[in-house]
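Let me begin by presenting the structure, written as structure tokens, before commenting on it.
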There are 2 protein chains.
Amino acid sequence: MQELGGTKQAIFEAAVNLFARDNYHHVSVRQIAKTVGIMASSIYNHYASKEAILLDIYDYFDTNMARLMPDLGTLMQMAETAHPHDVLRATTVVYPQAIVPTMAKAMLVTASMTSSDPRAEDLIHRNLIEMPYLYDIPLLNKMMDLDRIEPLDAESFALMHSCYCHSAAVRFYGSHGIDTDTWIRGMELLFGRVVVKQPAHA
Amino acid sequence: MQELGGTKQAIFEAAVNLFARDNYHHVSVRQIAKTVGIMASSIYNHYASKEAILLDIYDYFDTNMARLMPDLGTLMQMAETAHPHDVLRATTVVYPQAIVPTMAKAMLVTASMTSSDPRAEDLIHRNLIEMPYLYDIPLLNKMMDLDRIEPLDAESFALMHSCYCHSAAVRFYGSHGIDTDTWIRGMELLFGRVVVKQPAHA
DNA sequence: GTCTATATTCAGATAGAC
DNA sequence: GTCTATCTGAATATAGAC
């Protein structure tokens with residue numbers, strides 16, 4: 001990962017910005033260097049290759065996701081008492097404000113590589129697709145077991161939830177952005193499928 | 001578009017297969033030629049450039065989508081009498097069996113270019129994202145006006161619907177396929193948000 | 001650590017014989 | 001229309017002076 005300040009971080013940030021805007025394949029090492037204000041060859045004092053910069057971006061995305069992902073154990077406890085919709089809301093990863101811009105771009109870069117790099121595909125799959133899936137199913141099952149919600153096809157619900165997060169994440173910062181309010185209302189509409197039996201806790 | 005048989009179609013099919021599997025940027029004209037069984041230079045007797053092949057694939061996808069897209073007028077009529085869930089089901093484009101394999105690959109190729117080619121992004125946006133949106137909203141509004149369904153946030157529903165179709169389409173033929181049955185059940189689960197007032201027509 | 005200069009590789013595309 | 005041979009250009013990466 002990148003340290004604080006210095007040329008290496010400048011390279012990282014130039015790269016993440018350029019890759020997010022113009023795609024990895026269309027950005028040359030020379031362009032990155034020009035943005036930083038150095039010669040292309042100097043890049044190689046900090047990164048072994050262009051690909052190494054990309055891997056660093058993947059790593060930034062993956063590390064922060066792992067760090068910020070809610071703990072399933074905590075959520076499972078929440079499932080016993082909290083409002084079922086709140087439990088589902090809590091499965092969403094929330095980035096600290098400070099890293100939002102870089103995370104958004106790192107995610108976009110990783111997502112843009114899914115069709116040409118299996119490593120990126122695995123990262124996106126694991127973090128954006130499989131994750132909501134793996135969280136929702138045990139949570140919903142537990143709440144059904146506790147008779148806190150009406151019976152529901154947890155698997156289909158989880159698929160819908162993960163597709164929604166995935167599509168939105170990929171589109172959020174593309175040319176055709178998604179309106180955040182509409183997105184949240186959509187999510188609430190989906191949560192409406194989870195019908196609470198015992199209304200919100202005390 | 002491609003005619004029937006002949007070298008040009010062989011090039012088209014080799015390209016669509018290779019691009020779908022390995023990504024446009026990683027497939028060389030030489031590879032396509034080798035697959036067809038000719039020399040790279042012979043490609044240029046049929047296509048002006050590598051990009052021209054790609055544009056032909058875009059066109060194949062777009063033309064067939066336009067051709068198979070249900071007619072909104074017909075759906076609006078359906079909305080007066082048919083079961084509301086059937087109306088929503090009818091918004092989905094169904095490919096004729098004969099073109100399923102090629103369409104699937106053409107769609108995948110187009111989708112894989114969205115992050116590096118604005119033309120592809122527009123095609124995917126128009127056909128996979130905006131389309132369900134543009135269909136659902138007037139249909140739902142009409143059915144609400146006719147008091148056939150309970151009031152509903154049509155915009156959020158449409159966004160959810162379009163995200164689901166988009167994410168699924170892109171993932172269906174990727175490394176991590178989606179189970180078709182689960183997908184359909186997810187769609188039905190979403191349709192369950194549309195609560196029918198007057199039960200299915202006579 | 002940065003620079004200049006250059007090596008290397010490879011892909012898209014063209015010329016012209018057959 | 002297909003071939004062989006070649007051009008052209010671009011991009012990654014390296015060598016070595018400072």
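Heavy atoms only: backbone and side chains are in, while hydrogens, waters and symmetry mates are out. Quick note on labels: first sequence line is chain A, next is B, and so on, each numbered from 1.
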### Task
Provide the full list of ring pair (Phe, Tyr, Trp, His ring centres under 6.0 Å) pairs with a residue in residues 110-155 of chain A, sequence neighbours left out, each pair given once.
H125(A)-H176(B)

### Message
Please list all pairs meeting ring pair (Phe, Tyr, Trp, His ring centres under 6.0 Å) that have one or both residues in residues 24-43 of chain A, counting only residues at least two apart or in different chains.
### Response
F19(A)-Y24(A), H25(A)-H25(B), H25(A)-H26(B), H26(A)-H25(B)

Qualifying residues under side-chain contact (heavy atoms from CB on, under 4.5 Å), relative to [X], sequence neighbours excluded:
X	answer
P96(B)	L68(B), I99(B)
T92(A)	none
C163(B)	Y164(A), S167(A), R171(A), I178(A), L159(B)
N127(A)	F61(A), D62(A), M65(A), M69(A), L123(A)

### Summary
Atom CD1 of I38(A) and atom C1' of dG1(C) are separated, to the nearest Å, by 9 Å

### Query
Whole-Å distance between dA15(C) C1' and I43(B) CD1?
18 Å

### Task
With pairs defined as Watson-Crick or G-U wobble and both distances under 3.5 angstrom, please note down DNA chain C as a dot-bracket string, | for pairing with another strand.
||||||||||||||||||

Would you tabulate the side-chain donor-acceptor contacts of residues 73-80 of chain B under 3.5 Å, counting partners in other chains and residues two or more places apart, or write 'none'?
{"residue": "T74(B)", "atom": "OG1", "partner": "D71(B)", "partner atom": "OD2", "Å": "2.9"}
{"residue": "E80(B)", "atom": "OE2", "partner": "K142(B)", "partner atom": "NZ", "Å": "2.8"}

### Message
Looking only at the side chain of M39(A) (C-beta and beyond, no hydrogens), which of the listed nucleotides dT4(D), dG1(D), dT4(C) gets closest?
### Response
dT4(C)

Please list, for nucleotides 9-14 of chain C, all pairs of protein and nucleotide N/O atoms separated by less than 3.5 Å.
{"residue": "dG12(C)", "atom": "OP1", "partner": "K50(B)", "partner atom": "NZ", "Å": "2.7"}
{"residue": "dG12(C)", "atom": "OP2", "partner": "V29(B)", "partner atom": "N", "Å": "2.7"}
{"residue": "dG12(C)", "atom": "N7", "partner": "R30(B)", "partner atom": "NH1", "Å": "3.0"}
{"residue": "dG12(C)", "atom": "O6", "partner": "R30(B)", "partner atom": "NH2", "Å": "3.0"}
{"residue": "dA13(C)", "atom": "OP2", "partner": "Y44(B)", "partner atom": "OH", "Å": "3.0"}
{"residue": "dA13(C)", "atom": "OP2", "partner": "K50(B)", "partner atom": "N", "Å": "2.9"}

### Task
Answer yes or no: is there an ion pair linking E13(B) with K105(B), defined by an N-O contact shorter than 4.0 Å?
no

